[in-house]
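To start, the structure itself, in structure tokens.
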Amino acid sequence: MSQQEGKMKSLEAKVVVLGSQGVGKTSVVIRYVGGMFSKAVSPTIGASFFTYKLNLENYRVKLQVWDTAGQERFRSMAPMYYRKANAAMLVYDISSSDSFYDIKEWVSELKRNVDTPIVLCLVGNKCDLEDGRKVSFTDAQEYAESIDALFFETSALKNTGIEEAFLVVAKKLIKLYETTLTSGLNILDSSFPYDESEHPSSNIHVESSGQKSTNKESSSSGCAC
Amino acid sequence: MAETREAEQSQISDPDGEELMEKNAPGDSKNSMLIASDSFENIDIDCVEEFEIKKHKGGLIHQIVKQTSKEEQDEVAKENDDQNSAKSDLSIGEDSSEDQGEIFETKDIAEALDETLNPGNGPISSHITDEDVNSPEWRSQRKHIFIFSDSGKPVYSRYGNEDKLVTLFGVMQALVSFIQVSGDVIRSIIAGEHRFVFLIREHLILVGVSNGTDSTQQVLMQLTYLYNQVLSVLTSTSLQKIYKQRRNYDLRRQLSGAEKFLDSLLNMMETEPGFLLGAVRCLPLESTVRDMIAQSIVQHAKVKDLVFTLMIANSQLVTLVRMKKYYLHPMDLHIIINLINAAESFKAAESWTPICLPKFDSSGFLQAHISYLDEDCQTCLILLTVDRESFFTLSECKNRIQERLVKYNGLQAISDSLRKNSYSIQDCKISDLRHFLYKSKSTAQYTSPELEAPYLTQPEQERLFGLYQFLHQRIHSLSRPLKILYHVGPYETLLGWVTQGFELYAVFGPLVTKPLAINAINKLLAYIKREENRLFILNSVTF
């Protein structure tokens with residue numbers, strides 16, 4: 001481990017991806033995390049969990065991405081996945097106005113149930129389908145401003161806008177962490193209680209500005225996810 | 001059928017003194033992790049029971065949560081609270097014998113029904129785009145399945161679009177309620193070559209229409225599986241709630257995306273003998289390897305509230321570790337296997353999803369952590385818990401189990417076993433024996449060799465499956481159950497034998513003689529006995 005790495009802080013953030021059935025939530029996530037696109041993505045059951053690590057400013061950011069199922073029957077389980085989320089990607093399909101209206105429901109549900117600050121990002125996916133567009137860019141942008149959300153139009157197929165969307169979300173998360181004490185963001189990897197025994201010598205300690213306790217963080221990059 | 005000879009139940013013995021020897025059942029175990037199950041003999045009783053036991057509180061999930069939170073181990077309530085089981089108004093006529101259920105054979109309706117489903121007669125519609133009653137393709141399907149609510153709202157049709165079949169659903173609903181008015185329950189209708197089987201449950205009615213080899217009982221069993229699949233997605237509690245709020249609710253909204261589970265379950269039931277037998281197949285593994293895998297799980301997944309941990313490879317059970325006092329029913333295991341087979345999305349990443357196991361506790365969800373342990377997505381690990389917050393703990397368990405299995409070549413052993421295929425009938429060294437199914441009753445597991453010539457083509461495999469269905473149905477006939485059936489058919493000779501400990505269905509070449517067959521069966525039992533540690537999971541591991 002290098003000295004420089006040791007000086008960097010590790011930030012762990014939970015990102016939940018919400019939206020109607022078939023808007024391309026999984027495709028967006030897989031494009032971002034795996035750099036791939038598949039035409040035959042099968043519907044998500046429950047929720048899938050991905051992690052993505054990036055270095056940004058002075059931080060090593062670990063995004064825990066919950067890709068949720070859009071099917072109606074999983075609707076009632078959504079709170080389990082967005083609880084304690086630090087950011088929500090609200091995905092709709094620009095060629096389906098219904099999927100855009102559903103976002104409004106999601107937003108009011110989040111407002112009602114999440115009490116910690118949360119970064120919202122409105123994502124209009126399938127922007128390669130310009131011919132079938134039903135949701136105009138300006139309408140979506142206006143709506144995003146009204147709910148204080150970031151806004152991007154993306155295409156998982158053409159790989160446009162996705163990298164940027166997550167990057168800006170990560171930046172906003174860092175800002176949120178630096179400016180708000182009650183951000184709910186963690187500077188540690190303590191969700192893995194076994195790390196200590198596994199690599200007893202490789203733990204480094206990070207003094208976090210906002211928290212009293214010292215937290216342990218494993219420097220091994222081999223977290224198998 | 002003309003050329004068949006049979007000997008039933010009479011002691012099969014011959015002058016040379018060859019006799020079937022009922023010894024200890026190979027693969028027998030006093031310590032089973034699955035609930036020992038008979039084949040569908042008691043499915044009817046099941047129906048009644050489930051009608052009556054509508055417990056909302058005090059389910060097993062509730063029990064585990066309560067138990068572990070209080071850390072009180074002294075008193076574990078008995079499985080079923082029979083308090084409210086006196087409700088019997090719905091089960092009138094359920095205890096009547098099979099033939100009484102088939103009273104409804106009014107000629108006109110029967111003929112009309114047969115005509116609806118018979119491709120030969122009737123006008124052929126020119127537009128087949130959306131399959132409906134008029135499309136010849138739709139009419140020629142071997143088995144139709146319909147599910148609808150008790151107000152007649154379509155929920156599922158195996159073929160065609162439900163909305164186009166709405167009138168048909170109406171007719172079926174009318175039949176059901178017509179019989180209900182007279183205080184009886186419709187069970188089946190025989191119309192020409194078609195068999196209409198009804199399963200009536202609270203809020204949902206399931207109808208199977210078959211012109212294949214399956215018996216009424218077998219179709220009933222399949223319908224029960226489908227009903228359980230619906231519960232597995234929704235739970236009985238939410239099903240009740242939905243219909244209490246709106247009697248004519250369109251359940252397809254809730255099931256959207258889950259139709260494929262029903263489809264795949266139906267396809268599996270048509271090829272996989274485990275459903276017929278009420279048993280699961282284990283991946284053949286040396287017992288030391290299997291023990292090592294189980295121990296890896298016990299050591300690295302000792303987590304509070306974890307109820308079951310199972311590993312499945314290619315629809316076969318590798319191992320199952322369970323919480324003390326709790327057992328898994330083979331029916332629930334089949335539901336899990338079906339979920340894994342039908343959902344591709346688990347291959348992309350670790351998943352965290354609710355699943356209801358109807359036999360375990362139909363009122364609530366367990367939470368499942370599902371992941372594949374190898375690159376090729378062959379070996380699937382499923383951790384079932386009652387704690388909705390334990391994803392990260394279980395994810396860490398998974399990593400440690402995986403690490404250990406790599407280190408000790410457990411995954412390698414699994415993939416070797418998968419590649420080798422199960423075993424060849426030749427390994428048994430018994431001439432004339434072509435194929436068999438052997439079920440150990442106490443462990444609810446079964447074994448059978450690979451399909452080999454002449455059962456290599458799809459039609460031949462379907463025919464073989466039909467033979468097993470026939471044999472199974474004759475032996476488990478409600479009106480006349482048999483212990484032994486020796487049946488000489490035109491292409492093969494069949495021998496079915498059911499004892500206290502096992503069920504055996506064997507297929508011989510057509511020229512085998514009775515003494516030869518008996519001799520072969522005895523040899524086969526000896527073979528299975530020798531291999532039992534590899535073919536079956538004989539000891540049950542608990543946390």
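Chain letters run A, B, ... following the sequence lines, proteins first and then strands; every chain starts at 1. The basis for the numbers below is simple: all heavy atoms, side chains too, and nothing from hydrogens, waters or symmetry mates.
- Within a 6.0 Å sphere centred on NZ of K260(B), other residues, nucleotides and ligands contribute more than 12 heavy atoms.
- Rounded to the nearest 0.5 angstrom, K84(A) NZ and E389(B) CD are separated by 6.5 Å.
- Of the two parts of R75(A), neither the backbone nor the side chain holds a non-hydrogen atom closer than 4.5 Å to a non-hydrogen atom of chain B.
- Here the straight-line distance linking atom OG of S371(B) with atom CZ of F49(A) works out to 12.5 Å at 0.5 Å rounding.
- For K241(B), the NZ atom is loosely surrounded, since the number of other residues' heavy atoms within 6.0 Å does not exceed 12.
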Can I45(A) and F261(B) be said to form a side chain to side chain contact (heavy atoms under 4.5 Å, CB included), step by step? CA-CA 11 Å; I45(A) 308 295; F261(B) 295 126; 3.6 Å; yes
Please lay out, stage by stage, how L255(B) and R73(A) fare under the test side chain to side chain contact (heavy atoms under 4.5 Å, CB included). CA-CA 7 Å; L255(B) 287 178; R73(A) 66 191 167 102; 5.6 Å; no
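- Ring pair Y81(A)/F391(B): centre-to-centre distance not below 6.0 Å.
- S48(A) OG to W352(B) CH2: the interatomic distance, rounded to the nearest 0.5 Å, is 13.0 Å.
- Interface remark: K347(B) contributes no atoms to any contact with chain A (heavy atom separation under 4.5 Å).
- In this structure, S42(A) contributes its side chain and S345(B) its backbone to a donor-acceptor pair below 3.5 Å.
- In this structure, the side chains of E350(B) and F50(A) stay at 4.5 Å or more apart for every pair of heavy atoms.
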Decide side chain to side chain contact (heavy atoms under 4.5 Å, CB included) for Q254(B) and Q71(A); before the verdict, give the C-alpha distance in whole Å, the side-chain angles of both, and the deciding distance to 0.1 Å. CA-CA 8 Å; Q254(B) 287 293 322; Q71(A) 292 163 5; over 6 Å; no
